Amino acid sequence: MIKHTTLIFAALFLTTIVLLAVAAPMLPLVDPVKMDILGRMAGPSLAHPLGQDEYGRDVLSRIAFGARASLGVALTGAILAALVGVTLGLVGAYFQGWAEQATMRPLDVILSFPPMLLALLAVTLMGPGVQTLSVILALLFAPTYARVTFGEVLTVRNQEYIEAAKALGHRPTRILARTILPNVAGPILVQFSLVVAAGIVLESGLSFLGLGVVPPTPSWGLMVRGARPFMEANPLGLIWPCVALVLTVFSINRICDAMRDLFDPKASAAVLPVSRLLAGTGIGRSRARPAAPAAFDGTLLDIRHLSTEISTPRGTIRAIDGVSLQVKPGEAVALVGESGSGKSMTGLSVMQLLPRKVGRIADGEVWYASRDGQRTDLAHVPANLFRRFRGREMAMVFQEPMASLNPVYTVGFQLIEALTAHGQMTKRDAWDGARRMLERVGIPDPERRLNEYPHQLSGGMRQRVAIAIALCGDPSLIIADEPTTALDVTIQAQILDLLEEIQAAAGIGLVFITHNLGVVAEIADRVVVMYCGQVIEEGPVDDIFHNPRHPYTRGLLASVPRPEDMAGQHKRLSSIPGTVPSPLALPPGCRFAPRCDHATSACVVAVPELEAVSANQNTRCIRWKEI
Ligand code: ADP
Ligand code: MG
């Protein structure tokens, strides 16, 4: 309800301001630059409904004409930036290779400049004025357009209708303009309104500093500048332009939000230029989200702020909430935490295997680097195109192998199916390939096993077959969700060895999900600890084991049986008191506080952020230094 009220208000307000700006010269307004020294700082009257400023000029009229300057600069700048940025983004993403270098690299250089510095530079070179402001805006925001466009085009460029257009022999310019552009227009439009809002703020900021609109032309920034020295004698003079500014920016942002929901429910503020712009002015938002990924840094899987929601009859839950984690090629990352902490949901989100209809990625990105070096945001790949990834680039191994094996087909049939799904093969080659896959996962007498059905195999053998099937597409990434949990202890160790061996030999990135920290020591390079849908600690395996910072990690470690304990008489393991809270009723502040021995009153209030405790280790505890 409130949502709609604010949206209606925003739309009405913005319409009024735009009409006022457009119609200002035609309205029966007083001349905005006409001074009236006798009426200096006079309060509202019939002739001057909003009062008069420090030179006796009519405030209402200056607000209206000021809107022309502010909106004019913002719109011109946003349009210029869009033209340049969208073109560069389209060309870079469509042609890639040298085109990407030529279009995107120079923009990276611009982005690396502090925006205020760039603005000052432009003003110095071109002199202050409305045109300069528009150019500055275009310069500052072209890169964000380019990046948004670039990312969007990457996700659509391989779609079938684009292949079809190519097959018809259309020229790239035509494909770009007619086929691709309309498909990426939504996010660009959202970007456009963000830039307009940022432009209004920039105009007033620079005009306030004396670097923007040249007096006596009215602008909101100049009005603030003029009224500031007299703010005690005439506070209204300052309040009017500020109110106009704040309400306009608020209205644009509100409409922007609504547009984003409409066009692209998944993409949240991927790029928020306003906060970046204000970084040097001290007005910025405190918690800006990082921009779209910078240059590729060798990461195979880069999950950023991923949130996944599940609709349940009792309400929507955030099964995972802002999870970020990275996997490099050949690296094994263990994802640990008690049952219900969101480990499986993280894996299933990456694989687009969320529960149908009820599960959806609500926010965040999943950048994946394919073999051909192309990066794709898997969170935004349409389901029908995901086949390119699942089973080929990446595979999943589940806790219960029976779940992924079809009981009515022989092991050989299923392996051959997996092998031939990715390319043509003769029957003979396929059979040989299947046999070699079984050898690779350490199954004795493979020739005989190929003719058997899954139920004829032991649990450990079945899991080996499931791993063999996962390997058929020659994946770069394997997500193994509790692959040893259903097996007995000795078999567990064997499967663990096998996974480790395969992962190391083939240089596969492995996400190893388990609730048991004990099993990760030998397989993992890094450990990511999850609790209630969030990452609460992460670091290299040695640091997590020898220098855990979060009380929850310590609790998990304390519940791992040590070899020396197992050899001696049975010692009772300590375990973490209490249970994982329901995702429908998460505690305020730190989600672990109700179960934590170290919790203070501050923990119940403060929402902890993931903090760096060393170069490689992060923890989400406000008291990590003390405990
Ligand atoms: P883990 O793998 O650590 O055991 P999950 O990812 O399975 O955790 O679960 C995370 C949260 O999502 C839990 O609160 C769980 O109750 C909820 N959840 C998982 N699957 C479903 C589902 N199909 N429907 C509703 N809630 C679910
Ligand atoms: Mg699970």
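Read the numbers this way: they start at 1 and go in the same order the structure lists the ligands and their atoms. Model, not experiment: these values are computed from the prediction.
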Under a 4.0 Å threshold between the charged nitrogen and the carboxylate oxygen, would Glu439 count as salt-bridged to Arg436? no

Does Glu538 come within less than 4.0 Å of Arg526, counting only side-chain N to carboxylate O? yes

Apply side chain to side chain donor-acceptor pair (under 3.5 Å) to residues Glu537 and Thr553 and explain how you reach the verdict. CA-CA 7 Å; Glu537 182 149 41; Thr553 314; 2.6 Å; yes

Sorted by chain and number, the residues that approach ligand 1 to under 4.0 Å with a heavy atom: Ile310, Thr312, Ile317, Ala319, Glu338, Ser339, Gly340, Ser341, Gly342, Lys343, Ser344, Met345, Pro355, Pro583

If the test is side-chain hydrogen bond (donor to acceptor under 3.5 Å, both in side chains), which one of Gln456, His455, Arg448 qualifies with Glu452? Arg448

Any residue meeting ring pair (Phe, Tyr, Trp, His ring centres under 6.0 Å) with Phe413, in chain and number order, not counting sequence neighbours: Tyr409

Who are the ring pair (Phe, Tyr, Trp, His ring centres under 6.0 Å) partners of Tyr453, not counting sequence neighbours? none

Check: Thr514 side chain, Val336 main-chain N or O, donor-acceptor pair, under 3.5 Å: no

As a test of understanding, state which of Ile536, Val607, Leu586 forms a side chain to side chain contact (heavy atoms under 4.5 Å, CB included) with Arg591. Leu586

Under 2.8 Å from the Mg ion (ligand 2), which protein N, O or S atoms are there? Could you list them by chain and number? Ser344 OG

Answer whether the closest heavy-atom distance between the side chains of His550 and Phe592 falls below 4.5 Å. yes

